[in-house]
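Let me begin by presenting the structure, written as structure tokens, before commenting on it.
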Number of protein chains: 2
Amino acid sequence: MKKNRVTITDIARELNISPSTVSRALKDHPALKRETKDAVKALAEKWDYQPNLLALSLLNRKSNTIGVIVPEITSHFFSAIITGIQDVVGKSDYNIMICLSNESYEEELILVKKLLNMQIDGVLVSPSSETDDFDHFRKLQKNGIPVVVFDRDCPGLEADKVLVDDYSGAFQAVEYLIDRGCKNIAHLGGPLNLSTTGHRLNGYLDALRKNNMPIRREHIVHVPGFSHKDGIKPAKKLFQLDNPPDAIFAMNDNIAISAMHVAKKMGLKIPEEISILGFDDEPHSSFFTPTLSTVWQPVYSIGMLSARILLSHLKNKDNQLKFRKEIFKPELVIRNSSK
Amino acid sequence: MKKNRVTITDIARELNISPSTVSRALKDHPALKRETKDAVKALAEKWDYQPNLLALSLLNRKSNTIGVIVPEITSHFFSAIITGIQDVVGKSDYNIMICLSNESYEEELILVKKLLNMQIDGVLVSPSSETDDFDHFRKLQKNGIPVVVFDRDCPGLEADKVLVDDYSGAFQAVEYLIDRGCKNIAHLGGPLNLSTTGHRLNGYLDALRKNNMPIRREHIVHVPGFSHKDGIKPAKKLFQLDNPPDAIFAMNDNIAISAMHVAKKMGLKIPEEISILGFDDEPHSSFFTPTLSTVWQPVYSIGMLSARILLSHLKNKDNQLKFRKEIFKPELVIRNSSK
DNA sequence: TTGTATGCGTTATCAC
DNA sequence: GTGATAACGCATACAA
């Protein structure tokens, strides 16, 4: 039932002029008679002519579309980054195509292929937690498509990167706990082959080392995912140890919330008996009881900067050679879940 | 620096055959010599040929892309709906283009125009809270683009609709509060010209009426937005009344959380002195103290069904005439923030 | 079994 | 001032 859209040729035919004249009239070409222009514009208006961007893309060999690959969007973290991206890209003449990898390497491969086929002009990506091979991103680059990696690093991939100093965030958090007198600080870490997981773990370890605190293997537990339910079992495991921790540094706010939940259920007092510290500073985090101490990340800025870098490459095709690496500093936000 | 991608013509030239043969070989046309097919496929593989979807779209006059217009994605509500949409559409040969209106009518207009120009094949939309004129959606339909409206209704627009029975959700919630002995039930309502706001307000009012409870104008306050901060002032306003409420039915969980926050600060005991009930059942809601009673909506299903309906229209171009209207039943989830 | 011609909608280039 | 033509990459009806 699809009506044929009005094309430039339709208008040309009706007005007994050539399609090129119509095209020129619509673009206000200086060397056209006023009457012709007016007639074309009037009819275009009347018939509600809409230019076919597909034809233009094919002609110009660029789709004016940017692909954004993220693991998921239900967390505030990625949805806020995307909002930042959108706010920047929306002001340009590019569109964004948001793609969800569902934390799956397989799906990520398929998405990259699809974006390639769609003649996407550039890609912003935060790899899935399964991804540890980045050839699919290199393939994009080989096809002349600039790639900007954000939040989760792709070690070994040469590309623009907008990251957060997770190491520093973790270090600050753990050293703070130490300063406040915590002696047994446990860590609920993220899925293993994620750059952020490693950096936060290292920050945790180095903070302990620097302060001559013992590192206990059993105090480091990695959770399988990023949601509340993923934190319950690991938290219980920690509390049931012979030498249970007096503080927990969790890989994100969701997991921290799970840990608080478990601690409360077990009758532990927060922060008197157990300090809990998260990562991300989600909007809800200041509404829990006790309010959650956490590490804030500039999510919106991460999105904006990533988009800006990509757009700058898209404008000047020349300086593709030097890649930028921008690292945001996270900030400790102390509330009431820690001593 | 964009390298020219390999085209069907490149392969044809190399193999001294015609582009059409290459095209056929790639599609396993039955009437082709095995050798030719193999040679083409081998070279396509070797050169990593990628079909240009843009050219195909132009040829077929369909982009295989579905536009999704939502007010925002930072809330769990919309991001979960989108995840549902993606999970369905991802299994088809369509892609989705997610567009954020930022709750702005103006931006929504621009987005619709852009989607039209991009030759989008179908649209899934939840209108902005400012939108009360739907001609831009009718324009899509006039161009043969099926439109499915989800969650927020567009009164007067004839289109497929996937909604939630907000009235029933609100009615259940308020009647529950009445059953539990609440005498002064206030309502923190949403922005005014939103269908959901109206339906929830009506559910609230009817529950009061049915139970012969007085309706107090001053107990109905509309919040300006959907986030925590938007609820603080309105909640304070309610508590400072001469006859403060003993229960609050809030338009969403965020606002309910704000109200809990304010109540606690004022030293009110929840639920003994004040019952609080939200709407949405966000993942965090069972982790607040007290855990939040709320109305659950099948967010993921809303997304999936909307996508399925749109896809079915896209497959069979015929039955565009009768529009479906699907209404999900929300469910009351009682936790500890209500008596 | 394969090649040729055509068209999808637009614009740049050259011609008149 | 305006028209004709070619080109973007692909698929297909029609020829051969």
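Letters A, B, ... are given to chains in the order of the sequence lines, protein chains preceding strands, and every chain is numbered from 1.
Each of B:R324, B:H313, B:K325 was scored for a side-chain hydrogen bond (donor to acceptor under 3.5 Å, both in side chains) with B:D160, with one residue passing: B:H313. Paired with A:L124 under the rule side-chain contact (heavy atoms from CB on, under 4.5 Å), one option of A:I309, A:L310, A:V147 passes, and it is A:L310.
A:R13 places its CZ atom 16 Å from the C1' atom of D:dG3, with the value rounded to the nearest Å. Atom CG in B:D38 sits roughly 13 Å away from atom P in C:dT1 (whole-Å rounding). Rounded to an integer number of Å, the gap from B:L58 CG to D:dT12 P is 14 Å. As a whole-Å value, the separation of A:L15 CG from D:dT2 P is 11 Å. Regarding A:L32, its CG atom lies at a distance of 13 Å from the C1' atom of C:dT11, rounded to whole Å. When the P atom of C:dT1 is taken as reference, atom NZ of B:K37 falls 9 Å away, rounded to whole Å. Atom CG of A:L53 and atom C1' of C:dC8 are 15 Å apart (whole Å). Between B:M118 atom CE and C:dG9 atom P there is a gap of 17 Å when expressed in whole angstrom units.
Residues B:K139 and A:D48 are paired through a salt bridge, judged by an N-O separation under 4.0 Å between the basic side chain and the carboxylate. By the 4.0 Å N-to-carboxylate-O rule, A:K41 lies too far from A:D38 to be salt-bridged with it.
If you check every strand for non-hydrogen atoms under 4.0 Å, B:P19 touches nothing. Nucleic acid contact class of B:L59 (heavy atoms, under 4.0 Å, all strands): base. When heavy atoms are screened at a 4.0 angstrom cut-off, B:L54 is found touching no nucleic acid atom at all. As judged by a 4.0 angstrom heavy-atom cut-off over every strand, A:T36 is placed among residues touching the sugar-phosphate backbone only. Nucleic acid contact for A:T7: sugar-phosphate only, since backbone atoms but no base atoms lie under 4.0 Å from a heavy atom of the residue.
In this structure, of C:dT2, C:dT10, D:dG9, it is C:dT10 that holds the atom nearest to the side chain of A:A55. Side chain of A:K33, nearest nucleotide from D:dT5, C:dT1, D:dT2: D:dT2. Relative to the side chain of A:S20, the nucleotides C:dA12, C:dA5, D:dG9 differ in distance, and C:dA12 lies closest. Distances were taken from every side-chain heavy atom of A:R61 (C-beta onward) to each of D:dC10, D:dC8, C:dT10; the shortest belongs to D:dC8.
Between the side chain of A:R24 and the base of C:dT13, a donor-acceptor pair under 3.5 Å is found. In this model, no side-chain donor or acceptor of A:S23 finds a partner on the base of C:dA12 within 3.5 Å.
Each of B:L56 and A:T21 lies near DNA chain D, and the nucleotide nearest A:T21 is the one positioned closer to the 5' end.
Looking at B:E130 and B:S128, their side chains never bring a donor and an acceptor atom within 3.5 Å of each other.
Close to D:dG3, at under 4.0 Å from its OP1 or OP2, lies a side-chain N or O of A:S18.
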